[in-house]
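Worksheet: one structure, shown below.
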Number of protein chains: 2
Amino acid sequence: MTETKARRRAGRPRGFDTDAVLDKAVRLFWQRGYEATSMADLVAETGVAAASLYAAFDNKAGLFAAVIERYAATFSVHLYAPINDPALSTYEAVEGLLERAASSFSEPGTPAGCFMYSAAAAVSPASAAIECLLRDKRIAAEALLIERLQRGAAQGELAANTDPAVLGKFINTVMEGMSVQARDGATINELLSIATMALDRWPAAI
Amino acid sequence: MTETKARRRAGRPRGFDTDAVLDKAVRLFWQRGYEATSMADLVAETGVAAASLYAAFDNKAGLFAAVIERYAATFSVHLYAPINDPALSTYEAVEGLLERAASSFSEPGTPAGCFMYSAAAAVSPASAAIECLLRDKRIAAEALLIERLQRGAAQGELAANTDPAVLGKFINTVMEGMSVQARDGATINELLSIATMALDRWPAAI
DNA sequence: CACGATATGGAACGATCGATAAATAATATC
DNA sequence: GATATTATTTATCGATCGTTCCATATCGTG
């Protein structure tokens, strides 16, 4: 996250706010996916001319990469906050994660489900690199969850016979499924009841 | 499923096997999704000229609709067989369903995951009808699962405080998540351990 | 104020998209 | 075998795809 100040030489200043443009691009890619979102769509939605978008992000793939980071910095950070909260027990952390998934995946103001899961579910071979970008994010997020569970296991918060890697994969799988459910119109209450059932029979110690 | 024999009038016979063409089209749409699969791709893969495909299926959407039915008649039927097997207990039926999901989603000879979940996860507004076709299939499959659970509940196979609708949505959510996991490279053993953990939540009577 | 540097708006690029027209080939029926 | 009907081949359609060129606009610096 260290960013060299990029000492400006001169020239006309950028006429649009990068983050504001990315926010609008996030919505488009989130809703329609990578392939079904055209540069013309992005120009229409953001009000920024194509040449300016290319000057700022190189190409469509570069714009999408910036969109991924923007989504991660805004939505994902909030979703995964309980995992990084040292005040929460392991169970509370996972409970908070699933509750936030239920609410954010069904949030009326944004497209349903999770951007990371649906924005590039299936793409052409030419866009394989795009699919890989999101896959890496998904795998990294899962690894973060598993690490949290491993810390909990090390502190005796899980039953001795519990494999944190399997439990983490299970929790992550439920979240991914909840995203599909939300896309298909599941309400927040339905998602919460799914989360509750996943948390049922939590392998607590003792 | 009733099909009028479509009494042929005359004319040159079709030069290709419809099901064979659909099988190849299934693979393409399964792997790349609806938007990222072009008619040129389909022509190259099937060896059938574009005009012939249009004569047989009207347009790309019509071909995709036929592909959905072909997938349902081949892969989905096998996946959901345990649900319709009267010899199995409710638990065994769900267990069989998840086991088949684990193996078929990671089957080396086919694209990873489930066609129904990933072939049109996010599409353009112009293709909204396509997305709806698959969503209806997903919802119908979930309803089928819930009906099976309701029958089990009626026969006392579930704990009295269990809501079959919630349990069915949970099982279905895990399956949808398993599809994403398979897409991201999960092995059959990893998927099976996820399924096992989901079944650990099983609300048996007594 | 002049100059270099960067951003913008508008027009346009070649490629590919889904889809079709027209001519020809191959069958069933009479 | 003549005719009606359907399928195939080939070429091509207008629209849209991602991308770029070019002239102009607007800044920091000398």
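Chain letters run A, B, ... following the sequence lines, proteins first, then strands; residues in each count from 1.
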Taking only side-chain nitrogens and oxygens of S52(B), does any of them come within less than 4.0 Å of OP1 or OP2 of dA7(D)?
no
Under a 4.0 Å N-O cut-off, is there an ion pair linking E95(B) with R100(B)?
no
Parallel, tilted or perpendicular: which describes the rings of F29(B) and Y34(B), with under 30° parallel and over 60° perpendicular?
parallel
R183(B) side chain near M178(B) side chain, heavy-atom distance below 4.5 Å:
no
Give a yes or no on whether a salt bridge exists between R135(A) and D184(B), defined as a side-chain N under 4.0 angstrom from a carboxylate O.
yes
Nucleotide dA5(C), atom C1' - distance to CZ of R14(A) in whole Å
14 Å
T173(B) versus F170(B): any side-chain heavy-atom pair under 4.5 Å?
no
Check the side chains of T90(A) and R148(A) for a donor-acceptor pair under 3.5 angstrom, ignoring hydrogens and angles.
yes
Please compare V48(A) and A40(B) by the position of their nearest nucleotide in DNA chain C and report the one closer to 5'.
V48(A)
Are the aromatic ring centres of W30(A) and F75(A) under 6.0 angstrom apart?
yes
Proximity to DNA chain D (any heavy atom under 4.0 Å), residues of residues 15-24 of chain B only
G15(B), F16(B)
Residues of residues 118-133 of chain A with any non-hydrogen atom less than 4.0 angstrom from an atom of DNA chain C: list those, numerically ordered, please.
none
Would you check if Y91(A) and L199(A) make a side-chain contact, meaning some heavy-atom pair closer than 4.5 Å?
yes
Taking it one step at a time, do E69(B) and K137(B) satisfy salt bridge (charged side-chain N to carboxylate O under 4.0 Å, His left out)?
CA-CA 10 Å; E69(B) 295 307 318; K137(B) 285 282 181 184; 3.2 Å; yes
Expressed as a whole number of angstroms, how long is the span from F57(B):CZ to dA7(D):P?
11 Å
By side-chain contact (heavy atoms from CB on, under 4.5 Å), which residues pair with T187(B), not counting sequence neighbours?
N189(B), E190(B)
Considering all heavy atoms of both residues, which atom of L144(B) and which atom of N84(B) are nearest to each other, and what is their separation?
CD2-OD1, 4.4 Å
Check whether Y54(B) forms a cation-pi arrangement with K60(B) (NZ or CZ under 6.0 Å from the six-membered ring centre, at most 45° off the ring normal).
no
So, using salt bridge (charged side-chain N to carboxylate O under 4.0 Å, His left out) as the criterion, who are the partners of D19(B) when residues are at least two apart?
R70(B)
What protein N or O atoms touch nucleotides 19-21 of chain C N or O atoms at under 3.5 angstrom, if any, and at what distances?
from, atom 1, to, atom 2, distance (Å)
dA19(C), OP2, Y54(B), OH, 3.1
dA19(C), OP2, K60(B), N, 2.9

Over how many whole Å does the gap from D41(B) atom CG to dA15(C) atom P extend?
18 Å
Which pairs, protein N/O on one side and nucleotides 24-26 of chain D N/O on the other, fall under 3.5 Å?
from, atom 1, to, atom 2, distance (Å)
dA25(D), N3, R12(A), NH1, 3.3
dT26(D), O2, R12(A), N, 3.3

